[in-house]
Amino acid sequence: MASSSSRMLAAAALAALFVGAMCEAPVTFTVEKGSDEKNLALSIKYNKEGDSMAEVELKEHGSNEWLALKKNGDGVWEIKSDKPLKGPFNFRFVSEKGMRNVFDDVVPAEFKVGTTYKPEE
C-alpha cells in the first residue's frame, strides 16, 4: 500500500508542477518609454530557458500585413510608423531555436507605458 500511495502522491505533485508551468505566460510584452501612437517599443520576455527571440512581427487591428520590429542595442523591440498604429496588436515570433507562435490582441489600442501585457491562454 505504501508504494501505491507514494506513487499517487508523486503523480499528484508532478501534475501540480505541470499545471503551474503551463499557467505561466510563455511571453510578456512591456510597453517602454518613448511609445506613442506612431511608435511602439517593447521589452519582450520569453520564458523558455536557453532560447530567445530571433524575429518579432506586429499586425495592426484590421490589417493582413505583418510588420517587422527591430531590436535596438538595449534589447527593446521597436516599430516606428509615419501614421498612427491601430491596436489591439497581434504578434508573431520565431525564437533562436525555431519555436514559432502567434498571439492575438495582446497589446490594446489604448496601451500604457510601463504596463506589461500577457497573451490570453
Side-chain angles (χ1 to χ4, degrees):
M1 279 281 188
S3 67
S4 176
S5 295
S6 296
R7 279 190 290 241
M8 286 178 59
L9 181 59
L14 283 173
L17 287 172
F18 179 74
V19 168
M22 293 301 289
C23 290
E24 183 178 347
V27 64
T28 59
F29 301 83
T30 302
V31 179
E32 294 294 328
K33 197 183 308 184
S35 294
D36 59 31
E37 65 179 11
K38 293 184 180 181
N39 302 298
L40 186 59
L42 301 165
S43 289
I44 302 173
K45 182 178 176 188
Y46 180 53
N47 296 322
K48 295 290 182 184
E49 192 172 316
D51 202 1
S52 60
M53 296 288 179
E55 298 174 27
V56 178
E57 295 175 307
L58 168 146
K59 184 167 67 167
E60 296 177 78
H61 180 73
S63 175
N64 292 321
E65 183 180 357
W66 289 96
L67 306 170
L69 278 78
K70 295 182 181 178
K71 191 173 185 181
N72 72 21
D74 295 329
V76 173
W77 292 88
E78 298 178 299
I79 186 164
K80 297 180 186 225
S81 177
D82 294 334
K83 58 185 179 183
L85 297 164
K86 295 179 186 175
F89 303 105
N90 300 335
F91 295 93
R92 73 178 176 187
F93 72 86
V94 177
S95 75
E96 295 289 342
K97 292 187 176 181
M99 174 67 157
R100 298 174 183 273
N101 213 333
V102 175
F103 299 106
D104 295 323
D105 301 333
V106 179
V107 176
E110 300 298 322
F111 60 80
K112 294 182 181 169
V113 172
T115 302
T116 299
Y117 299 96
K118 299 176 185 178
E120 294 283 326
E121 294 290 319

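The residues of the chain are indexed from 1 along the displayed sequence. Hydrogens, waters and symmetry mates are skipped; everything else that's a heavy atom, side chains included, is used.
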How is the hydrophobic cluster of V102 composed, in terms of its other members, when Ile, Leu, Val, Met, Phe, Trp and Tyr link through side-chain heavy atoms under 4.5 Å apart, directly or indirectly?
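Members alongside V102: W66.
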
Partners passing salt bridge (charged side-chain N to carboxylate O under 4.0 Å, His left out) against E57 (at least two apart in sequence or in another chain)
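By the salt bridge (charged side-chain N to carboxylate O under 4.0 Å, His left out) rule, E57 matches R92.
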
Nearest atoms (heavy-atom pairs only) where [X] meets [Y]:
X: K86; Y: E60; answer: N-OE1, 2.7 Å
X: A41; Y: V76; answer: CB-CG1, 3.8 Å
X: K118; Y: T28; answer: CG-CG2, 3.6 Å
X: E96; Y: M53; answer: OE2-O, 3.6 Å
X: D51; Y: S95; answer: OD2-OG, 2.6 Å
X: P88; Y: D105; answer: CG-OD1, 3.6 Å

Any non-hydrogen side-chain atom of [X] less than 4.5 Å from a side-chain atom of [Y]?
X: V106; Y: N90; value: no
X: I44; Y: F91; value: no
X: K45; Y: N47; value: yes
X: L58; Y: W77; value: no
X: N101; Y: F93; value: yes

Y46 with V94, same ILVMFWY side-chain cluster at under 4.5 Å:
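Y46 and V94: separate clusters.
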
For L67, run the side chain to side chain contact (heavy atoms under 4.5 Å, CB included) check against L40, V56, I79 and tell me which one passes.
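Exactly one pass, corresponding to I79.
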
Spatial distance of atom CG (L69) from atom CZ (F89) [nearest 0.5 Å]:
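Taking CG in L69 and CZ in F89, the distance rounds to 10.0 Å.
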
Pairing residues for Y117 by the ring pair (Phe, Tyr, Trp, His ring centres under 6.0 Å) criterion, not counting sequence neighbours:
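Applying ring pair (Phe, Tyr, Trp, His ring centres under 6.0 Å) to Y117 gives none.
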
Would you call the rings of F103 and F29 parallel, tilted or perpendicular if under 30° counts as parallel and over 60° as perpendicular?
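Perpendicular: the ring planes of F103 and F29 meet at over 60°.
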
